[in-house]
Amino acid sequence: MVDMELVQRLLDFFLFFLCALATLSVGATLVRRLLPFGTSKIETLTLALGAGTVVVAYGVFLFGLLGWLHRTVFYLWLGFCYACGFVELFWLRKRNQYAEPFTDSWSDLTLIEKVWVWALVFLNLLAMVLCFVPPTLQNEWDSLSYHLAVPKLYWMEGRIHYIPFTHHAQFPMTAQMLYLLGLGLTNLKSAAVAKLFHWLFFVLCQLTLLCWGTAVKQRSFRLGLIAAVFFASLPIAFFEATTAYVDLALTAYGLLCLFSIARFHSQPDGRWLVFAGMFAGAAAGTKYTGLLLIGLLVFLGVWAIRRVGEPRWGHLALGTFIALLVASPWYVKNWVWTGNPVFPFAYGVFGGRNWTKEMAQTYTISNREFGGSRDILTFLAMPFNLALNEIRFGQCARKWLGSCKQQGECGMQWKCGKFDNQDLPTLGIGVLPLALAPAAIFAIALESLPFAISAPILAMLGWFAWWFMEAQYLRYLLPALGCLAVLIGWGASRWLRMGVLTATITRVTISVGLVYALVVALWQSATLTPLLVAVGLVTNEDFLRTVEPTYRVAEFANRALPRKAVIATYGFPLGYYFERKYFWADEGHNLLIRYKDLRGVEDLLAEWRRLGVTHVVIDWRFAPKESDIGRWISEGVRRGMIEQLWQEGTKEVFAVARGNQK
């Protein structure tokens with residue numbers, strides 16, 4: 001069995017390698033035709049990889065809309081990408097017209113800086129291996145509820161279709177199209193290929209940061225290296241790289257957009273603005289907050305054009321048009337299916353199908369319940385609170401700098417003063433931001449900022465302001481932390497040149513931060529995402545049966561329920577492991593069941609029959625037995641209308657009695 005697990009992992013990795021190579025190949029096709037002359041090989045490969053993910057993802061999206069979700073179609077699509085771009089990729093590898101990217105090189109690095117590089121390689125390889133651990137609710141709640149669950153529903157249906165029971169299904173899903181490709185190629189047998197795509201965005205973030213030194217006058221390799229080391233050392237970034245979330249994809253596209261604008265400033269060729277537009281559109285097609293990148297594209301593009309004195313207004317207009325074009329399919333889809341292009345947001349402006357004003361208000365409040373208050377004192381103290389988050393363990397009293405919500409003000413008290421659902425070392429930013437940011441800011445007073453550093457600083461401040469006011473959830477801050485990495489790289493590289501003492505202190509600080517990151521990563525590989533599972537020494541099934549209660553529920557349902565069963569879930573939104581049709585039946589998620597009209601169990605059964613429900617899964621921890629639903633289900637069991645089939649802890653599976661399905 002263990003040998004078969006290892007074989008499965010090798011097959012998954014091989015499939016991912018084929019996908020990554022196809023992505024790079026088709027991206028090389030765009031890069032060769034659009035990239036300005038005189039760019040370096042590392043820039044070319046980075047941009048090709050980023051552009052390739054956009055092309056491959058939107059191809060999958062198109063096939064899904066056409067109802068062509070089949071492995072044969074996916075293999076043909078990958079073959080087409082190879083046919084278009086493999087020759088181009090080979091040509092790029094042999095091309096002798098590359099500019100040298102940096103004025104310094106590997107041989108100029110000190111021994112400790114070379115150790116940083118090897119530590120960086122180790123972190124990336126470890127994150128890649130941990131992607132083979134199947135998702136659990138402790139690590140990937142959102143993957144199990146929609147990042148992976150929605151693409152799986154698309155695959156089971158054979159097409160991308162309107163999913164009415166969760167508003168998350170209407171979010172922009174460029175990254176999830178890559179996850180859909182991964183799930184489809186394995187025929188839903190493994191989530192590893194899908195998760196590896198998010199890891200690829202983690203690598204893409206670092207490659208983009210490494211390239212950043214080419215955008216400054218000094219063309220500094222150390223600037224990019226320190227920026228990449230800083231970003232990879234963030235525990236939250238490493239943790240995200242082992243999941244099927246989308247925040248690293250958003251960060252990668254955002255960094256690529258800003259880098260392209262910075263390169264336009266250093267090399268005023270309008271084609272850089274076209275690339276910036278493509279990546280801004282991809283960011284907006286990955287998450288609603290990516291729309292901020294389109295605004296930044298216009299603002300920073302105008303600023304860059306005025307600074308360089310090159311009137312590339314047509315290229316900026318074209319880049320903006322491409323950004324809107326790339327992002328638009330998701331918003332048009334929402335408009336057609338829900339009547340609201342940014343569903344479920346802006347309900348007061350657009351309204352929205354299957355949604356109400358009260359549900360919109362509740363959702364907004366829930367996003368604002370994390371973190372502290374929104375006053376100036378809390379704003380100024382936020383860097384300390386973020387850095388100390390994993391030490392404070394989310395406790396408000398006496399451990400929060402600034403104003404924390406007091407008892408009675410917070411709808412969910414356990415969220416107060418916290419930046420995530422759990423208190424774990426992996427859900428933090430580590431020691432480097434607080435240790436290096438002040439020195440980097442002080443360096444600004446000693447040397448004027450180049451545009452390539454000013455632009456991401458402005459983007460970081462804008463993103464942080466939105467984050468502070470709207471949703472103080474740590475992973476939502478990753479794009480700003482990516483921009484902060486550029487400032488840290490620039491500032492630290494300045495301090496390394498100022499003298500022996502400042503260089504020594506800087507190198508020691510970065511080394512301590514890397515050691516901390518390695519310790520947290522190794523802790524994660526021993527606990528949350530066990531390395532033994534990742535390498536196949538423990539089977540996925542044994543691991544999930546031991547640690548994942550939602551898997552045990554789904555395992556029973558997949559084995560015992562008919563293939564045509566329709567499951568209504570209560571307090572149980574984690575449906576990824578189901579192989580049967582299901583929908584969230586809780587009041588507040590949707591309007592599928594008309595709860596305001598229900599007066600008893602007979603009305604509830606009538607609604608279930610209308611929706612074709614044959615079985616019910618409920619977790620009493622989140623659907624209290626004292627509620628109307630709890631009382632009605634209990635009454636239905638007593639009267640023989642509902643039959644209990646399975647129970648484990650607070651979770652139960654019921655069958656709707658045959659006589660009540662007619």
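All values below were derived from every heavy atom in this structure, side-chain atoms included, with hydrogens, water molecules and symmetry-related copies excluded.
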Would you say [X] and [Y] make side-chain contact, with heavy atoms under 4.5 Å?
X	Y	value
L148	P135	yes
R71	N187	yes
Y179	V246	yes
L18	Y82	yes
F264	R312	yes
L78	L185	yes
F171	N334	no
H198	T243	yes

Going by the rule ring pair (Phe, Tyr, Trp, His ring centres under 6.0 Å), which residues pair with F350 if we only count those two or more places apart in sequence or in a different chain?
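Ring pair (Phe, Tyr, Trp, His ring centres under 6.0 Å) check on F350 returns W335.
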
- Residues which pass ring pair (Phe, Tyr, Trp, His ring centres under 6.0 Å) with W141, listed by chain and number, not counting sequence neighbours: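 None.
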
**OP:** Can you label the angle between the F197 ring and the F16 ring as parallel, tilted or perpendicular, going by 30° and 60°?
**Re:**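 Perpendicular.
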
Is W584 reaching over with its side chain to a backbone N or O of P573, donor-acceptor style, under 3.5 angstrom?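 Side chain of W584 to backbone of P573, a donor-acceptor pair under 3.5 Å: yes, one is there.
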
- Message: Any side-chain to backbone donor/acceptor pair from H168 onto T166? Under 3.5 Å, distance only.
- Response: no

Problem set entry | Pair W77-F74, ring pair (Phe, Tyr, Trp, His ring centres under 6.0 Å): steps then yes or no | CA-CA 5 Å; W77 174 230; F74 283 176; 9.5 Å; no

Do you know the tightest heavy-atom contact between [X] and [Y]?
X	Y	value
V26	G52	CG1-CA, 3.9 Å
L297	A276	CD1-CB, 3.7 Å
A232	L123	O-CD1, 3.9 Å
Y331	A327	CD1-O, 3.0 Å

So the ring pair (Phe, Tyr, Trp, His ring centres under 6.0 Å) pairs with at least one residue in residues 227-248 (sequence neighbours excluded) are H147-Y245

Among side-chain atoms of T174 and W330, is any donor-acceptor pair under 3.5 angstrom?
-> yes

Side-chain H-bond candidate by donor/acceptor type, S266 with R263, under 3.5 Å: yes

